[in-house]
K.L.:
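The following block contains the structure, expressed as structure tokens.
Because only heavy atoms are used, hydrogens play no part in the values below, and waters and symmetry mates are left out as well, while side chains stay in. Just so it is clear: chains get the letters A, B, ... in the order the sequence lines come, proteins before strands, and each one is counted from 1.
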Amino acid sequence: MARDLLGCLFVVAHADGRTVLRLVETEAYRGALDPGSHGYRGPRPRNLSMFGPPGRLYVYLSYGVHFCVNVVCGQEGVSEAVLLRAGEPVAGVEAMRVRRGVVEGNRLVASGPGRLTQALGITREHDGASLLRGGSMWCARDEATERFQEGGISQTKRIGLAVGRGDELTWRFVVAGHPCASRAR
DNA sequence: CAGAAGATCTGC
DNA sequence: CAGATCTTCTGC
């Protein structure tokens with residue numbers, strides 16, 4: 001699923017227009033099977049939406065400062081989710097630059113999970129929001145989506161974890177060489 | 001109940 | 001490289 005989302009568009013409809021990112025970096029989290037997942041130790045007030053039905057968002061506050069957004073993928077009760085780590089601006093770039101605060105070009109608009117939510121205006125208020133029909137946010141494919149996927153996808157270990165980073169856990173997916181991916185730390 | 005660490009980013 | 005400062009977990 002994390003891999004399938006690469007190259008897809010993530011659309012947020014605001015009162016003053018749409019902002020659209022093409023996803024170029026994602027990470028998979030596998031709930032109870034995955035020590036690196038927020039769902040590993042079961043439901044908590046913060047992560048409850050991860051245990052809800054698929055097709056909704058799980059938004060949490062990281063380090064008390066940045067929001068990060070996941071797409072819930074597992075069936076109800078199963079806390080599987082995909083963290084959206086970076087995207088390339090496709091529409092509404094100027095609005096995203098304003099939310100990010102005077103950023104030039106596309107490179108720093110959404111190249112990291114905290115930057116991505118700030119660019120799209122996603123906060124904890126959107127925790128649990130549905131991506132399925134009728135909402136103000138959704139995922140979509142377009143003519144370019146397949147080209148991005150066929151152009152090459154790099155697979156690496158996930159970023160920033162103290163656990164769940166064994167050599168076999170290559171659950172970070174990146175559009176190969178894309179300039180809007182998050183920078184290696 | 002206090003302290004520490006965490007799926008981060010920025011500015012010094 | 002330190003700081004911001006919310007949520008959860010651990011140890012006493």
K.L.:
Walk me through it: do A:Tyr29 and A:His38 pass the test ring pair (Phe, Tyr, Trp, His ring centres under 6.0 Å)?
P.N.:
CA-CA 8 Å; A:Tyr29 286 88; A:His38 286 174; 7.4 Å; no
K.L.:
NA contact type, A:Gly36, heavy-atom cut-off 4.0 Å: base, sugar-phosphate, or nothing?
P.N.:
base
K.L.:
Tell me the salt bridge (Lys or Arg N to Asp or Glu O under 4.0 Å) pairs involving residues 92-103 of chain A, sequence neighbours left out?
P.N.:
A:Glu94-A:Arg97
K.L.:
Scan nucleotides 5-12 of chain C nucleotide by nucleotide, 5' to 3', and note B when protein non-hydrogen atoms come under 4.0 Å of the base, S if they reach only the sugar-phosphate, - if neither.
P.N.:
BBSSSS--
K.L.:
Apply the test salt bridge (charged side-chain N to carboxylate O under 4.0 Å, His left out) to residues A:Arg30 and A:Glu80: give CA-CA distance (whole Å), side-chain angles for both, the deciding distance (0.1 Å), then the verdict.
P.N.:
CA-CA 5 Å; A:Arg30 308 215 38 210; A:Glu80 293 180 346; 3.8 Å; yes
K.L.:
When you compare C:dT5 with B:dC1, how far apart are their P atoms, in angstrom units rounded to a whole number?
P.N.:
24 Å
K.L.:
Check the distance between B:dA7's C1' and A:Phe173's CZ and give it to me in whole angstrom.
P.N.:
15 Å
K.L.:
Starting at atom CG of A:Leu84, determine the distance to atom C1' of B:dA7, rounded to an integer number of angstrom.
P.N.:
12 Å
K.L.:
Given side chains that start at C-beta, do those of A:Val103 and A:Arg115 come closer than 4.5 Å, heavy atoms only?
P.N.:
no
K.L.:
Measure CD1/A:Ile159 against C1'/B:dG6 and give the value in whole Å, please.
P.N.:
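Computing the A:Ile159:CD1 to B:dG6:C1' distance gives 15 Å.
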K.L.:
Less than 3.5 Å apart, any donor N or O on the side chain of A:Glu88 or A:His178 sitting next to an acceptor on the other?
P.N.:
yes
K.L.:
State whether the number of non-hydrogen atoms from other residues, nucleotides or ligands found under 6.0 Å of A:Arg124 atom CZ is greater than 12.
P.N.:
yes
K.L.:
Do A:Thr156 and A:Arg172 have side-chain N/O donor and acceptor atoms under 3.5 Å apart?
P.N.:
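Yes.
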K.L.:
Quick one: A:Arg165 CZ to B:dG6 P, roughly how many Å, whole number?
P.N.:
12 Å
K.L.:
Return all side-chain donor-acceptor pairs below 3.5 angstrom for residues 146-153 of chain A, not counting sequence neighbours, or 'none' if the list is empty.
P.N.:
| residue | atom | partner | partner atom | Å |
| --- | --- | --- | --- | --- |
| A:Gln149 | NE2 | A:Asp4 | O | 3.0 |
| A:Gln149 | NE2 | A:Leu6 | O | 2.8 |

K.L.:
By salt bridge (Lys or Arg N to Asp or Glu O under 4.0 Å), which residues pair with A:Arg46, not counting sequence neighbours?
P.N.:
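A:Arg46: no salt bridge (Lys or Arg N to Asp or Glu O under 4.0 Å) contacts found.
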K.L.:
If only side-chain N and O atoms of A:Arg85 are considered, is one of them under 4.0 Å from the OP1 or OP2 phosphate oxygen of B:dT8?
P.N.:
yes
K.L.:
With the threshold set at 4.0 Å, does a side-chain nitrogen-carboxylate oxygen contact exist between A:Arg85 and A:Glu27?
P.N.:
yes
K.L.:
Just N and O in the side chain of A:His66: are any of them under 4.0 Å from OP1 or OP2 of B:dC9?
P.N.:
no
K.L.:
Taking it one step at a time, do A:Phe67 and A:Val69 satisfy side chain to side chain contact (heavy atoms under 4.5 Å, CB included)?
P.N.:
CA-CA 7 Å; A:Phe67 293 103; A:Val69 63; over 6 Å; no
K.L.:
Which of residues 89-103 of chain A have a heavy atom under 4.0 Å from DNA chain C?
P.N.:
none
K.L.:
Convert the base pairs of DNA chain C into dot-bracket notation, remembering that pairs crossing earlier ones are written with [ ] and that bases paired across to another strand are shown as |; include only Watson-Crick or G-U pairs under 3.5 Å.
P.N.:
||||.||||||.
K.L.:
Using atom CG of A:Asn70 as one end and atom C1' of B:dT8 as the other, report the distance to the nearest whole Å.
P.N.:
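My rounded result for the distance is 14 Å.
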